[in-house]
Amino acid sequence: MCGIVGYIGSKQAQPILLNCLGKLEYRGYDSCGIAVSSSGIETCKDAIRVAALKKAAPRLGGTAGVGHTRWATHGKPSQVNAHPHLDCTGNIAVVHNGIIDNFQRLKQQLTSEGHKFVSETDTEVIPHLIEKYYDGNLEKAIEAALGDIEGSYAIIVVVASESKLIAAREDNPLKIGIGDGEDFIASDVPAILDYTDRVIYLEDGDISVITAGSIKIKQHGTEVAREEHKISWTVEDAQKAGYEHFMLKEIHEQPKVIRDTLVGWVSGEPIVDLAMMRDAGIEAMLVLACGTSYHAALVGKHIVQELLRIPVRAELASEFNYYGHTLAGTTAIVITQSGETADALKAMKRLKEAGCQLIVITNVVGSTASRIADQTIYTRAGPEISVAATKSFMAQLMVLYWLMMSYSKIEARRLASMTMELRQLPVKVQQVLENEDKILACARYLSRYEDVFFMGRGVNYPVALEGALKLKEVSYIHAEGYAAGELKHGPFALLGGNTPVIAIAAQDNTYEAMLTNIREVKARGSPLIALAEEGDEVIGELADSVITVPKVDAIFSPVVNTVALQLLAYYTAKERGCSIDFPRNLAKSVTVE
Ligand code: AGP
């Protein structure tokens, strides 16, 4: 999964390409490169970050060009495998995001026709295919080349002495930014917000010819119109707003994100087409996702059980894709922040084929997932730059609470009190954020350890999983989330002075059982940090340290508990000097299986 950009206009392309690329590193950052076109094509690329390329690159003259920041799938991060890739003449340069499944066969065929390959990448077949079909009509050559390709792609092509860029997508995001006498192309909106807020979303199968000031889009050779969107996100949104890291900024955005996500619905706007759902009759529900979104799905499962009292399964999309089956009349909900996660998209296609009612909860307008689903519910978390998902998780929970409350079979008084409580959540979350000092002290303590357990029960078991995932992702501490009742069935063997345990002690029907588990952990010598509600007199006696969270209705406890654990992971990683926004080996959305 990579980030690609293009610029064509009257200004020097190099600084603009590098600036846009810098905003896309959350999509992959193991190598990068640019190519600028004037009479010829000049490139500069290496297995370095964009900031280093800015320093290393010689001046490349020209007002049109392409750029790429990489997350390797084929060929290790290296100068030769970095993009852009060229054809034999060196006049055709291509940047690509996606995977070409049949590249080996194409490479053999092209090699037998005399083409010389220099990299291990799948992408390099594209410029060679274009060269093969090029007879002066670049558009035709690209159409023919794409005709040979099997797989997913978003590409931008620049050719020496042709004052145009050509962009095409199949199963990977690509947007065009409209400027004044200049145009921009990018995998994602934050890259171009410095220059324009007018954006066109390319659709699968679109091929677009872009010159300085004109944009033509074709589908199967026929010109098509695509809607122009005005992006309400400010450049600031895409930048850190004064926080040291995007992760901390995004954690602090959660009160606003909760309000923004709920605002439409609590004022009566239907969350989804009720008619469609009611007619379908919700007999069973299946919630699918990956990573943090899967933890939201697990919380969702508890909410469905409590409010709808119907059979519900929460499944990992990557597992579902290889054995999953669906009951007739299943309403399927797929949760994906980016809307581009390959495992989730594959599951969506399977669910569609199985005739399920398919709802997607996603944060990215125009994402591929929103095109596949019958109904799309957008979380309003804004751009999430930090690889570690935080505010998007919160927005997903809000959607699940409201969706299930809209269908709940519980008595009206309970529903009314829940609605009241939901409206209070931004304030409660703000209280957790103001308790940062206490969490920082626990983080200083935790940062000395290499192995940590999180334990929770009921609706907070997924929160233990999420707390562990956040700590793993950003601090590189080996952390495991466990159902508290399960530790005695094995993991107890790992407890002791070097293995702290974080216990989520929510004031619900699991509280007494959790106190027993805390005593069992203490008896085996592990340091224990408890996450407990303010006013809990008992917990202080048992735990070495207590992080208090505000009182909320038990069903909403995952909201305040998760924010506390996000901060704990952030400050622990900070204590350990980790690269918090761009953790090693990870990327923001994983578009490969
Ligand atoms: C979470 O912090 C990670 N970035 C990762 O687990 C992520 O949740 C997962 O890849 C799913 O992404 P999605 O929600 O965009 O589909």
Side-chain angles (χ1 to χ4, degrees), residues 26 240 243-254 257 290-296 298-299 337 381 384-397 429 432-456 460-482 499-504 527-532 543-549 557-588:
Y26 62 89
K240 294 183 190 144
Y243 289 92
E244 192 179 346
H245 295 97
F246 282 114
M247 184 179 179
L248 188 61
K249 175 195 171 217
E250 289 157 3
I251 291 173
H252 278 261
E253 283 179 347
Q254 295 182 104
V257 164
C290 310
T292 286
S293 297
Y294 172 65
H295 298 150
L298 286 172
V299 174
Q337 185 282 131
E384 189 170 62
I385 308 290
S386 178
V387 169
T390 52
K391 61 178 181 173
S392 61
F393 176 75
M394 192 54 66
Q396 290 162 355
L397 292 190
V429 168
V432 179
L433 296 171
E434 275 142 24
N435 184 22
E436 229 160 4
D437 296 351
K438 176 66 187 181
I439 296 172
L440 181 52
C442 288
R444 284 212 180 91
Y445 174 78
L446 208 56
S447 65
R448 305 198 305 258
Y449 294 91
E450 294 307 326
D451 301 287
V452 172
F453 277 102
F454 289 72
M455 63 180 188
N460 283 291
Y461 163 44
V463 177
L465 293 173
E466 179 56 12
L469 178 62
K470 287 284 101 59
L471 195 67
K472 271 187 282 234
E473 281 188 279
V474 293
S475 76
Y476 311 149
I477 290 176
H478 175 225
E480 282 199 60
Y482 249 83
T499 312
V501 173
I502 292 150
I504 305 167
L528 190 124
I529 297 173
L531 203 53
D544 300 290
S545 185
V546 179
I547 296 172
T548 54
V549 291
S557 57
V559 173
V560 287
N561 290 334
T562 300
V563 176
L565 296 183
Q566 291 166 346
L567 287 168
L568 186 65
Y570 173 79
Y571 283 113
T572 306
K574 194 150 180 282
E575 284 296 313
R576 291 163 69 99
C578 299
S579 156
I580 289 171
D581 283 334
F582 301 110
R584 66 188 182 209
N585 302 340
L586 297 181
K588 182 63 188 165

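Side-chain atoms of Tyr570 and Ile580, non-hydrogen and from C-beta on, do get closer than 4.5 Å to each other. Two residues are said to be in side-chain contact when any heavy atoms from C-beta on lie closer than 4.5 Å; Leu567 and Leu248 meet this criterion. Phe453 places a side-chain heavy atom less than 4.5 Å from the side chain of Thr499. The shortest side-chain heavy-atom distance between Leu568 and Leu531 does not fall under the 4.5 Å cut-off. You'll find the side chain of Ile251 stays beyond 4.5 Å of the side chain of Glu436, heavy atoms only.
Taking all atoms of both residues into account, the shortest heavy-atom contact from Ala564 to Val432 is N-CG1, 3.7 Å. Of all the heavy atoms in Leu469 and Gly291, the pair that sits closest is CD2-C, 4.1 Å. Shown here for Val463 and Thr562, the closest heavy-atom pair between the two residues is CG1-OG1, 3.7 Å. Here the closest non-hydrogen pair linking Gly481 and Ala468 is N-CB, 3.4 Å. Ser545 and Cys442 get closest at one heavy-atom pair: OG-SG, 3.3 Å. Here the closest heavy-atom approach between residue Val387 and residue Pro583 is recorded as CB-CD, 3.7 Å.
At least one donor-acceptor pair under 3.5 Å links the side chain of Asp544 to the backbone N or O of Leu528. A donor-acceptor pair is defined here as one N or O able to donate and one able to accept, closer than 3.5 Å; no such pair exists between the side chain of Asn435 and the backbone of Ile547. Distance alone, capped at 3.5 Å, is enough to place a donor-acceptor pair between the Glu250 side chain and the Ile385 backbone. Remark: the backbone N or O of Ser475 is not paired with any side-chain donor or acceptor of Lys470 at under 3.5 angstrom. Under the 3.5 Å distance criterion, the side-chain polar atoms of Glu384 are matched with a main-chain donor or acceptor of Lys391. Listed for the Tyr476 side chain is a donor-acceptor partner under 3.5 Å among the backbone atoms of Arg584.
Between Tyr26 atom OH and Asp581 atom CG the span is 12.5 Å, to the nearest 0.5 Å. Distance NZ/Lys588 to OG/Ser392: 5.0 Å, rounded to 0.5 Å. From Ile529, atom CD1 reaches atom CG of Leu565 across 10.0 Å, with rounding to the nearest 0.5 Å. Within the model, atoms CG of Leu298 and CG of Asn460 stand 12.0 Å from one another, a figure rounded to the nearest 0.5 Å. Note that CZ of Phe582 is 13.0 Å distant from CE of Met247, once rounded to the nearest 0.5 Å. To the nearest 0.5 Å, the span separating CE on Met455 from CD on Glu480 amounts to 14.0 Å.
Inspection of the Ser293 and Gln396 side chains reveals an N or O donor paired with an N or O acceptor under 3.5 Å. For Thr292 and Glu466, the side-chain atoms include at least one donor-acceptor pair closer than 3.5 Å.
Using a cutoff of 4.0 Å between basic side-chain nitrogens and carboxylate oxygens, Lys240 and Glu244 are not scored as salt-bridged.
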Yes or no on side chain to side chain contact (heavy atoms under 4.5 Å, CB included) for Met394 and Val563, after CA distance, side-chain angles and deciding distance?
CA-CA 9 Å; Met394 192 54 66; Val563 176; 3.5 Å; yes
After noting the C-alpha distance and the side-chain angles of Arg576 and Thr572, does the key distance pass the side chain to side chain contact (heavy atoms under 4.5 Å, CB included) rule?
CA-CA 6 Å; Arg576 291 163 69 99; Thr572 306; 4.2 Å; yes
